[in-house]
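Below is one structure; the comments refer to it alone.
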Amino acid sequence: SLPDKDRSQLRDIERIWIRNTRGELVRLSEVTRVLEKPTLITIQRENRERSINIFGNIAPGKSQAEAIAFAQQAAKETLPEGYRLVLSGSAESFKQSFRELSFALILGIVIAYMILGAQFNSFIHPFTVLLALPFSISGAFLGLTLTGHSLNMMSMIGILLLMGIVKKNSILLVDFTNARRAAGMNLKEAILEACPLRLRPILMTSLAIIAGALPAAIALGPGAELRAPMAVAVIGGTIVSTLLTLLVVPCAYSLLARLEPASKQKRYSEVTEILAEIARSGR
């Protein structure tokens, strides 16, 4: 390394002596041309590759998913061959969290089906109960769209909460209908009696959930805008699932009950006949 006084200016480089292929000393300026160009003060590397970090904040009214999609599309269109875009920081955490939440959503549905199958001792009635889940997800998306919120981490957590909340409506209907059928009612009579009697507890629990999530959805107080998407997803999913569950689940139950094992259908019919015989005999 040259002393500081011999490498402070551009012409100092041109005066450096080097040896040519014949061993003769020549100035560097005789065999090279020095070009001055701007460059990076420091060179960063990631996994032994040169890297440049780009930071930015999300614009008002936009979501992180939209910003990531725009960055990936811009990189695909502008970066030359040999360059690639790699997410890091909060963007990487965002992608990873969405993958984990999606896995948790699927795993939760599978576990819920297994638990309901053990509870009802049936492979059919758990499917009837889980029919409320698509309605809750569509209601959550509708609520987020109407309020202008995006699908982010908090709204995904709200959808996960809906998986456990909205099933209780279907469980109330299916369990009470099974109890009525076990008491001797036929399928149609059991459904017609279960729906009006279970309407009040279903509405009470749904209204309690909506009332509890309403303050967070209004976004009052510091930091409330972070919790608002979760509350909106819960409210929208609860409203839509409650309204549609009261109509769809009884209809689905009446159709899927025909797929029950013949032994169970025979047992229900025998109980009905015994009760009818007792009623006719007056005992």
* Structure fact -> The side-chain contact (heavy atoms from CB on, under 4.5 Å) partners of P196 (sequence neighbours excluded) come to none
* Could you tell me which residues satisfy salt bridge (Lys or Arg N to Asp or Glu O under 4.0 Å) with R180, sequence neighbours excluded, listed by chain and number? => E193
* **Side chain to side chain, V166 and T245, heavy atoms closer than 4.5 Å** => no
* Asked: With sequence neighbours left out, what residues match S138 under side chain to side chain donor-acceptor pair (under 3.5 Å)?
  -> none
* **Cluster check I137, L160: I/L/V/M/F/W/Y, side chain < 4.5 angstrom** => yes
* Partners of Q73 by side chain to side chain donor-acceptor pair (under 3.5 Å), sequence neighbours excluded? -> E77
* Asked: What pairs with Y83 under side-chain contact (heavy atoms from CB on, under 4.5 Å), at least two apart in sequence or on another chain?
  -> L79, P80
* Can you sort out the partners of R27 under salt bridge (Lys or Arg N to Asp or Glu O under 4.0 Å), two or more places apart, ordered by chain and number? => none
* Is there a side-chain contact between H125 and L116, using heavy atoms and a 4.5 Å cut-off? -> no
* L162 side chain reached by F135 side chain, heavy atoms, under 4.5 Å -> no
Which atom pairs, one a donor and one an acceptor, fall under 3.5 Å between side chains of residues 29-43 and the rest of the protein, sequence neighbours left out?
| unit_1 | atom_1 | unit_2 | atom_2 | d |
| --- | --- | --- | --- | --- |
| S29 | OG | E14 | O | 3.4 |
| T32 | OG1 | L28 | O | 2.5 |

* To do: Verify whether one side chain among S206 and K168 offers a donor that lies under 3.5 Å from an acceptor in the other.
  => yes
* Given L199, which of L197, I202, L203 fulfils the side-chain contact (heavy atoms from CB on, under 4.5 Å) condition? -> L203
* To do: Could you pull out all residues at least two apart from E100 that satisfy side chain to side chain donor-acceptor pair (under 3.5 Å)?
  => Q96
* Report the residues that fulfil salt bridge (Lys or Arg N to Asp or Glu O under 4.0 Å) with E24, sequence neighbours left out, ordered by chain and then residue number. => R22
* Structure fact -> Sorted by chain and residue number, the side chain to side chain donor-acceptor pair (under 3.5 Å) partners of Q9 (sequence neighbours excluded) come out as R11
Please tabulate, one pair per line, all N/O donor-acceptor pairs under 3.5 Å involving side-chain atoms of residues 231-238, not counting sequence neighbours.
| unit_1 | atom_1 | unit_2 | atom_2 | d |
| --- | --- | --- | --- | --- |
| T238 | OG1 | V234 | O | 2.6 |

* **Donor-acceptor contact below 3.5 Å, side chain Y113 vs main chain F123** => yes
Can you give each donor-acceptor pair under 3.5 Å made by side-chain atoms of residues 169-176, sequence neighbours left out, with the distance rounded to 0.1 Å?
| unit_1 | atom_1 | unit_2 | atom_2 | d |
| --- | --- | --- | --- | --- |
| N169 | ND2 | T242 | OG1 | 3.4 |
| S170 | OG | V129 | O | 3.2 |

